[in-house]
Trainee: 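Okay, here's the structure, questions in a sec.
Lettering of chains follows the sequences in order, A, B, ..., and the numbering in each one begins at 1. This is a predicted model, so every value here is computed, not measured.
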Amino acid sequence: MLAHSIKRSSCYSFNSTLRTLLKSGNLEKARHHFVQFRDQGFLPDNYTIPSLLKLLHDLHQTLHYRENIHSFAIKNGHLKDIFVTTGFVEMYFGFGYVASSRQLFDETPIKDVVLWTAMVSGFSHNGLGDLSVNFFAQMVGEGVKPNRITLTSVLAACSQLMVPKLGRSVHGFSIRNGIFNPDVVLETAFVDMYAKCGNLTYSTKVFDRMRDRNSVTWNAIITGHANNQFPEPTFRLFREMIYENLREPESSVLASLLQVCGGTSDLRHGREIHGYVTRSCRNMNSDMMVENNALIDMYAKAGDLNSAVLLFENVKNKNLVTWTTMISGYGMHGLGTEAVEAFSAMKKTGITPDGVTFIALLSACSHGRLVDEGLQLYMSMQRDYKIEPEMKHFACMVDIYARSGLLDQAFSFIKKMPVEPSEFIWASLLSSCRTYKNVVLGERATEKALAFNQYNTGVYILLSQLYADSGQWEDFSKVRLVMKDLGLKPTTAQSWVEVERKIYVFAVRDNMNPYSEKMYKLLETLTETMHKEGFVAYRSSGCHDITKEGKEGNLCGHTEKLALAFVLIKSEGHRGVTRIGKNLRVCKDCHVFFKFISKIKDCDIILKDPNRYHHFKRGNCNCCDLW
DNA sequence: GTTCTTAAAA
């Protein structure tokens, strides 16, 4: 009797110490504490088990080890305690064993809010937003009143499913039931949900009304604006954040911002953030891993590969993401060899590549036309690293063959794939068919791609360009007619360039610019000189002939030429690198023109299109005229 | 005496 009560009280104090250690994140001490407890012959009770599961989770212990505890709990009747059950439900969700969690839930006769909430949150964490929402509805139907944590969890599912209506009704529910007492986490979840569903108005409304905001809140509103393509408010919010909080933004906030800079090629803001990162005292207490990786990615995506490489070389602790980012950076700038070399260097440091690394590598090989290397790497990935290829790897392989003109090999690779090829794969094959004017295969690829999505504008455009390039004008017109019938319009071409800290955007037949007249005149003179010097324009090129059809049918608009002319006028005599961006693929005619300008003006031009970067230098482009 | 919560770089 006495011994029993001593054991109980020791168990009690052990449990509370373990909880304290876990809360403060003192993992090693917690582990040591548990080992001592076990070695003294104590057995975990129903209060111990939830904490123990949390400890094992934080220590990344294997599932097997935790299953032993499950058997122990069953044997000792601990599963009668709903706290214990909830712990195991969570554990199985964490390993993706949704069915096990569900079974445990079903076997529990009396369910409380917390167990229900664990289900709602577990489903959404496993990408099963619909089940999460269903369980939420079922719970309310059974008269269990959700708490603020339940609501937060179901909101994650709403964002996942992109159902703002449901999110809104949850919002209403929370207000009606008074669950909205200032709670940063719940409010943040609303900000995030509305932003993810594309409703920035509501998102901002909730955000503005909040009394307390933490870094997650700021990150949610900033990423929300960033992902919805609103760069200006994104940066305004960033400045506000620094001002209001009077403290350092977290790495993730900076990473989101840099992602925006990379996506919009906004080098100016990107450099500003780089400056901020360098000046701030964050370097003292963090390894800057996330910041550095995001910066390297930003520089590469914004077209300044030199700065990306410079930073990369200066980073001392490179992790897998650092290397993969650099490899992908080389790839998008057409430097396949450099990408492969970086990969070898990475292996030498003892870092093991993962599936993402190989996507970056293979895509670098396709843009650098390294067919053999690509194939070698693809085989090595499976043989040496036991990485199962996924759709993205297959797509890269098809592209490696197709981009190099080995269309038949690309096609037979597709036929041998163990899974059904995606829409994207067929569209990319079609794109290469256009480059190499292979009408037969191009038509086949079109058919396959359209079977996925009849309204894929890009596919129709590519097919029409293929016909135009092959001189099949009747077929060209047919495609255009089909597009018209389906109500599909080609994307309007747009180019942009930054001059003297301002970004100028050029649309088709842009006459709004005060320099318009000068620009068109300059283009005329330069084109004349170009022809005299023997630079051949692609007269048969699709976009050139289409231009004759008038404004609506204009696919290219040569907006990149307008941007270039603008730069030439504004920065006469200046010999820097010019960076121009375009929302559509560069047309062949403009490509020749850019090569010519880089030669006669002896300047470097970097042109970004949705596929890759073109580096024009001394009359050449590093894409070797295939892209 | 305890269990369930938001954002996040390739």
Side-chain angles (χ1 to χ4, degrees), chain A residues 9 11-20 22-23 45-54 81-91 93 111-122 124-125 139 146-156 159 183-193 195-196 206 213-224 226-227 249-259 262 288-298 300-301 318-329 331-332 353-361 363 392:
Chain A
S9 77
C11 210
Y12 171 82
S13 73
F14 162 76
N15 288 337
S16 69
T17 311
L18 180 61
R19 257 197 310 281
T20 320
L22 277 172
K23 254 196 189 134
D45 66 3
N46 54 326
Y47 289 101
T48 322
I49 291 171
S51 305
L52 184 55
L53 287 175
K54 188 174 175 353
D81 185 340
I82 198 158
F83 289 86
V84 174
T85 312
T86 309
F88 285 113
V89 164
E90 251 195 293
M91 175 189 93
F93 268 131
K111 301 153 171 98
D112 68 353
V113 210
V114 180
L115 181 58
W116 276 105
T117 304
M119 294 307 287
V120 172
S121 127
S124 91
H125 277 146
M139 162 185 176
N147 61 20
R148 62 204 166 82
I149 300 178
T150 324
L151 297 187
T152 310
S153 306
V154 79
L155 285 178
S159 323
D183 176 72
V184 198
V185 178
L186 178 57
E187 286 169 301
T188 301
F190 279 116
V191 170
D192 184 52
M193 180 274 296
K196 281 217 176 98
V206 179
R213 299 165 184 145
N214 61 20
S215 64
V216 181
T217 321
W218 281 100
N219 192 63
I221 192 85
I222 291 176
T223 359
N227 292 339
E250 290 200 9
S251 310
S252 56
V253 179
L254 291 168
S256 306
L257 284 162
L258 288 167
Q259 223 184 350
M288 301 280 288
M289 204 66 111
V290 173
E291 286 87 347
N292 283 329
N293 293 347
L295 279 167
I296 294 169
D297 188 50
M298 180 279 295
K301 285 203 175 121
K318 300 179 178 68
N319 66 8
L320 179 61
V321 179
T322 322
W323 285 99
T324 306
T325 308
M326 197 61 247
I327 290 170
S328 126
M332 58 181 107
D354 67 2
V356 187
T357 315
F358 277 99
I359 293 172
L361 259 175
S363 125
K392 285 200 168 154

Trainee: What contact category does A/S153 fall into here, base, sugar-phosphate, or nothing, at under 4.0 angstrom with non-hydrogen atoms?
Mentor: sugar-phosphate
Trainee: What residues form a ring-ring contact (aromatic ring centres under 6.0 Å, His included) with A/F88, not counting sequence neighbours?
Mentor: A/H70
Trainee: Among B/dA7, B/dA9, B/dC4, which nucleotide has an atom closest to any side-chain atom of A/N293?
Mentor: B/dA9
Trainee: So, OP1 or OP2 of B/dT2: does either fall under 4.0 Å of a side-chain N or O from A/K54?
Mentor: no
Trainee: Consider the side chain of A/V114, meaning its heavy atoms from C-beta on, and name the nucleotide among B/dC4, B/dT2, B/dA9 that approaches it most closely.
Mentor: B/dC4
Trainee: From CD1 of A/I221 over to C1' of B/dA8, roughly how many Å is that when rounded to an integer?
Mentor: 16 Å
Trainee: Rounded to whole angstroms, how far apart are CG on A/L115 and C1' on B/dT2?
Mentor: 14 Å
Trainee: Looking at every strand, decide which applies to A/D192 at a 4.0 Å heavy-atom threshold: base, sugar-phosphate, or nothing.
Mentor: sugar-phosphate
Trainee: Could you state the CZ-P distance from A/F14 to B/dT2, rounded to the nearest angstrom?
Mentor: 16 Å
Trainee: Which one of A/T152, A/V206, A/V191 satisfies the side chain to side chain contact (heavy atoms under 4.5 Å, CB included) criterion with A/L186?
Mentor: A/T152
Trainee: What nucleotide among B/dA8, B/dT6, B/dA10 has an atom nearest to a side-chain atom of A/N219?
Mentor: B/dA8
Trainee: Classify A/N292 by what it touches in the nucleic acid, base, sugar-phosphate, or nothing, heavy-atom distance under 4.0 Å.
Mentor: nothing
Trainee: A/S121 side chain N/O closer than 4.0 Å to the phosphate oxygens (OP1, OP2) of B/dT5?
Mentor: yes
Trainee: How many whole angstroms separate atom CG of A/L186 from atom C1' of B/dC4?
Mentor: 14 Å
Trainee: Which part of the nucleic acid, if any, lies within contact of A/A255, taking any heavy atom under 4.0 Å across all strands shown: a base, the sugar-phosphate backbone alone, or nothing?
Mentor: sugar-phosphate
Trainee: I want to verify a distance call: between B/dT5, B/dT2, B/dA10, whose nearest atom is closest to the A/P50 side chain?
Mentor: B/dT2
Trainee: Could you state the atom-to-atom distance from CG of A/D112 to P of B/dT2 in whole Å?
Mentor: 14 Å
Trainee: Crowded around A/K392 NZ? As in, over 12 foreign heavy atoms under 6.0 Å?
Mentor: no
Trainee: For the NZ atom of A/K318 and the CE atom of A/M289, what is their distance to the nearest 0.5 Å?
Mentor: 10.5 Å
Trainee: Can you check the A/L52 CG to B/dT3 C1' distance for me, whole Å?
Mentor: 14 Å
Trainee: Please state how far atom CD in A/E187 lies from atom C1' in B/dT6, giving the value in whole angstrom units.
Mentor: 11 Å
Trainee: What are the two closest heavy atoms between A/P146 and A/V113, and how far apart are they?
Mentor: CA-CG1, 4.1 Å
Trainee: With respect to the side chain of A/M289, which nucleotide from B/dA9, B/dT6, B/dG1 is positioned closest?
Mentor: B/dA9
Trainee: Which nucleotide sits closest to the side chain of A/T117: B/dT6, B/dC4, B/dA9?
Mentor: B/dC4
Trainee: Rounded off to whole Å, could you give me the CD1-to-P distance for the A/I82 and B/dG1 pair?
Mentor: 18 Å
Trainee: What nucleotide, of B/dT3, B/dT2, B/dA10, holds the atom closest to the side chain of A/D297?
Mentor: B/dA10
Trainee: Within the stacking criterion (centroid distance below 5.5 Å, interplanar angle below 30°), does A/F83 stack on B/dT3?
Mentor: no
Trainee: From the list B/dG1, B/dA10, B/dC4, which nucleotide is the closest neighbour of the side chain of A/T325?
Mentor: B/dA10
Trainee: Which of the following nucleotides, B/dT6, B/dA10, B/dA9, is nearest to the side chain of A/S328?
Mentor: B/dA10
Trainee: Does some side-chain heavy atom of A/L258 sit less than 4.5 Å from a side-chain heavy atom of A/D297?
Mentor: no
Trainee: Any stacking of A/Y47 on B/dG1, going by centres under 5.5 angstrom and planes within less than 30 degrees?
Mentor: yes
Trainee: Out of B/dA9, B/dT5, B/dA7, which nucleotide sits closest to the side chain of A/K196?
Mentor: B/dA7
